[in-house]
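Note sheet for the following structure.
We number each residue from 1, following the sequence as shown. Owing to the predicted nature of the structure, the values given are computational and were not obtained by experimental measurement.
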Amino acid sequence: MEKSKVLVVGGTGYLGRRIVSASLSQGHPTYVLQRPEIGLDIDKFQMLLAFKKQGAHLVEGSFSDLESLVRAVKLVDVVICPMSGAHIRSHNTLLQLQLVEAIKRAGNIKRFLPSEFGLDPPRMGHALEPGRVTFDDKMVVRKAIQDAKISFTYVCGAGFAGYLAGNLSQMGTLVPPKEKVLIYGDGNAKVPIVDEDDIAAYTIKTIDDPRTLNKTLYLRPPENELSQKQLVEMWENLIGRKLEQISISEKDFLASMKGMDFAGQVGVGHFYHMFYEGALTNFEIGEEGEEASKLYPEVKYTRMNEYIKIYA
């Protein structure tokens, strides 16, 4: 079967660049939106040129010019938009409404994968302020997709390894603690931690797969569904010594929001849902979804005991 042509919007971002690479490596004709807003950001521009060398097509378009988006969309079969929804980076979720309108006008797209990848928004109606804005905005985009009758796949359910694995899920740092580790509650809530390259590989696998059409793909590879205590134990086995484990209660953890900036408060809320409620794993996947590692066993996902070795 001929492989779908893919447009990646946000292709120079943290996840976007991996999705471009995965699309190319899986043999899809790959287009990357080149936005004039890039300005003098030479790192991003040179990344685009590197993609071009690898065989990607650069296509100009801007969220401030709807017709340019329509022209870009008309070149492909599938649109993937991994633009950041994280407040510690840039929170651009609602910009996708312009993309939804462009897809609606173009009329040729057989599937749209919007910016999702984390906690499943329909399950987060109870989410804490101010972090719930992430889920509220994603639900606005979902409603627009469904109102426009655009076929979709939502890729959800992963804790990004870069933010949760090597640092033993400590907030405010990307490196492992040396002596003491903060444990959220009893440290037993399970969180699926997935290498971002694997997230990208699974994402691209979905786009020509009828099993994921108008469904949610949950990223829950069983060997990477880990409690924080299991992750810490992995690290201790690797370095050959124990860390002092300090448990922080739910009440004290939420109280730590006070005095933080907005992005920090959002982060605390999201960590609370993951590590105290277990919100990435406290449900069974029903008819609405599929689990990535079951559908695509050919993706040899990175196990976290291997992933964390580089941090030692």
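- Among residue pairs with one or both ends in residues 299-312, those qualifying as salt bridge (charged side-chain N to carboxylate O under 4.0 Å, His left out) are E223-R303, E306-K309; sequence neighbours excluded.
- In this model, no donor atom of one side chain and acceptor atom of the other lie less than 3.5 Å apart for Q245 and S247.
- With hydrogens and angles ignored, the 3.5 Å screen pairs a side-chain donor or acceptor of Q96 with a backbone N or O of S115.
- Between F275 and Y184, the angle of the ring planes lies from 30° to 60°, which puts this pair in the tilted group.
- Annotation: salt bridge (charged side-chain N to carboxylate O under 4.0 Å, His left out) contacts involving residues 55-79, sequence neighbours excluded, comprise E67-R105.
- Two different hydrophobic clusters hold M139 and I145 under the rule that ILVMFWY side chains link at heavy-atom gaps under 4.5 Å.
- The stretch residues 223-247 participates, sequence neighbours left out, in no ring-ring contact (aromatic ring centres under 6.0 Å, His included) pair at all.
- For K104, the NZ atom counts as loosely surrounded, since its 6.0 Å shell holds 12 or fewer non-hydrogen atoms of other residues, nucleotides or ligands.
- Side-chain contact between L219 and P192 is absent, with no heavy-atom pair separated by less than 4.5 Å.
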I'd like to know whether I204 forms a side-chain contact (heavy atoms from CB on, under 4.5 Å) with I19, so could you lay out the CA-CA distance, the side-chain angles of the two residues, the decisive distance to 0.1 Å, and finally the verdict.
CA-CA 7 Å; I204 297 299; I19 287 175; 3.9 Å; yes

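- Two residues are said to be in side-chain contact when any heavy atoms from C-beta on lie closer than 4.5 Å; F112 and L99 meet this criterion.
- Between the CD atom of Q54 and the OG atom of S25 there is a distance of 9.5 Å, given to the nearest 0.5 Å.
- Side-chain contact between L69 and V9 is absent, with no heavy-atom pair separated by less than 4.5 Å.
- Judged purely by atom type and a 3.5 angstrom limit, E291 uses its side chain to pair as donor or acceptor with the backbone of K294.
- Atom CD1 of residue I109 and atom NZ of residue K5 lie 9.5 Å apart, to the nearest 0.5 angstrom.
- For the pair Q265 (side chain) and F262 (backbone), a donor-acceptor distance under 3.5 Å is absent.
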Set out, in order, the CA-CA distance, both residues' side-chain angles and the distance that settles side-chain contact (heavy atoms from CB on, under 4.5 Å) for L7 and L75, then state yes or no.
CA-CA 8 Å; L7 173 67; L75 296 170; over 6 Å; no

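- A continuous path of ILVMFWY side-chain contacts below 4.5 Å connects V100 to Y31, so both sit in one hydrophobic cluster.
- Closest approach of G125 and R132 over heavy atoms only: O-NH1, 3.0 Å.
- The stretch residues 198-211 participates, sequence neighbours left out, in these salt bridge (charged side-chain N to carboxylate O under 4.0 Å, His left out) pairs: K110-D208, K205-E298, D209-R211.
- At least one donor-acceptor pair under 3.5 Å links the side chain of H270 to the backbone N or O of G131.
- Nearest heavy atoms, K178 versus L243: O-CD2, 3.3 Å.
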Ignoring hydrogens and angles, write down the donor-acceptor pairs under 3.5 Å from the side chains of residues 147-160, residues two or more places apart or on other chains.
{"from": "D147", "atom 1": "OD2", "to": "K143", "atom 2": "NZ", "distance (Å)": "2.7"}
{"from": "T153", "atom 1": "OG1", "to": "R111", "atom 2": "NH1", "distance (Å)": "2.9"}
{"from": "T153", "atom 1": "OG1", "to": "T212", "atom 2": "O", "distance (Å)": "2.8"}
{"from": "Y154", "atom 1": "OH", "to": "Q146", "atom 2": "NE2", "distance (Å)": "3.1"}

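- Put simply, the side chain of N224 gets close to the backbone of T302: a donor and an acceptor are under 3.5 Å apart.
- Both V232 and L238 are assigned to one and the same hydrophobic cluster, defined by single-linkage of ILVMFWY side chains at heavy-atom distances under 4.5 Å.
- In this structure a side-chain-to-backbone donor-acceptor pair under 3.5 Å is present from T203 to I199.
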Test V191 against Q228 for side-chain contact (heavy atoms from CB on, under 4.5 Å), laying out the working first.
CA-CA 8 Å; V191 176; Q228 192 190 10; over 6 Å; no

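- L213 and I285 are members of different hydrophobic clusters when ILVMFWY side chains are connected at heavy-atom separations under 4.5 Å.
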Chi angles and distances behind the side-chain contact (heavy atoms from CB on, under 4.5 Å) call for H126, E277:
CA-CA 11 Å; H126 67 292; E277 292 182 348; 2.9 Å; yes

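- The two residues M171 and V268 make their nearest non-hydrogen contact at CE-N, 3.6 Å.
- Taking 4.5 Å as the limit, every side-chain heavy atom of V133 sits out of range of all side-chain heavy atoms of P130.
- For CD1 of I310, the number of neighbouring non-hydrogen atoms (other residues, nucleotides, ligands) closer than 6.0 Å is 12 at most.
- Q98 CD: more than 12 foreign heavy atoms inside a 6.0 Å radius.
- F135 and F283 are assigned to two separate hydrophobic clusters, defined by single-linkage of ILVMFWY side chains at heavy-atom distances under 4.5 Å.
- When side chains are defined from C-beta on, V194 does not count as touching Y307, because their heavy atoms never get closer than 4.5 Å.
- Nearest heavy atoms, T281 versus R220: O-NH2, 3.4 Å.
- Shortest non-hydrogen contact noted between L231 and A165 is CD2-O, 3.8 Å.
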Side chains of residues 33-45: which donor-acceptor partners sit under 3.5 Å, not counting sequence neighbours?
{"from": "E37", "atom 1": "OE2", "to": "S62", "atom 2": "OG", "distance (Å)": "2.6"}
{"from": "D41", "atom 1": "OD1", "to": "D43", "atom 2": "N", "distance (Å)": "3.4"}
{"from": "D41", "atom 1": "OD1", "to": "K44", "atom 2": "N", "distance (Å)": "3.3"}

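- A donor-acceptor pair is defined here as one N or O able to donate and one able to accept, closer than 3.5 Å; such a pair exists between the side chain of K138 and the backbone of E116.
- Under the 3.5 Å distance criterion, the side-chain polar atoms of E179 are left unmatched by any main-chain donor or acceptor of E244.
- Of the possible donor and acceptor atoms, none in the side chain of H28 sits under 3.5 Å from a partner among the backbone N and O of A22.
- Side-chain contact between N237 and N305 is absent, with no heavy-atom pair separated by less than 4.5 Å.
- Taking the side chain as every heavy atom from C-beta outward, L295 and Y202 never approach each other to under 4.5 Å.
- V32 approaches G11 most closely through the heavy-atom pair CG1-CA, 4.1 Å.
- Proximity of V76 to V6: side-chain heavy atoms (C-beta onward) are nowhere separated by under 4.5 Å.
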After noting the C-alpha distance and the side-chain angles of F253 and Y272, does the key distance pass the ring-ring contact (aromatic ring centres under 6.0 Å, His included) rule?
CA-CA 8 Å; F253 183 70; Y272 170 78; 7.1 Å; no

Going through the distances and angles, do Y14 and F117 end up as a ring-ring contact (aromatic ring centres under 6.0 Å, His included)?
CA-CA 12 Å; Y14 180 63; F117 306 105; over 10 Å; no

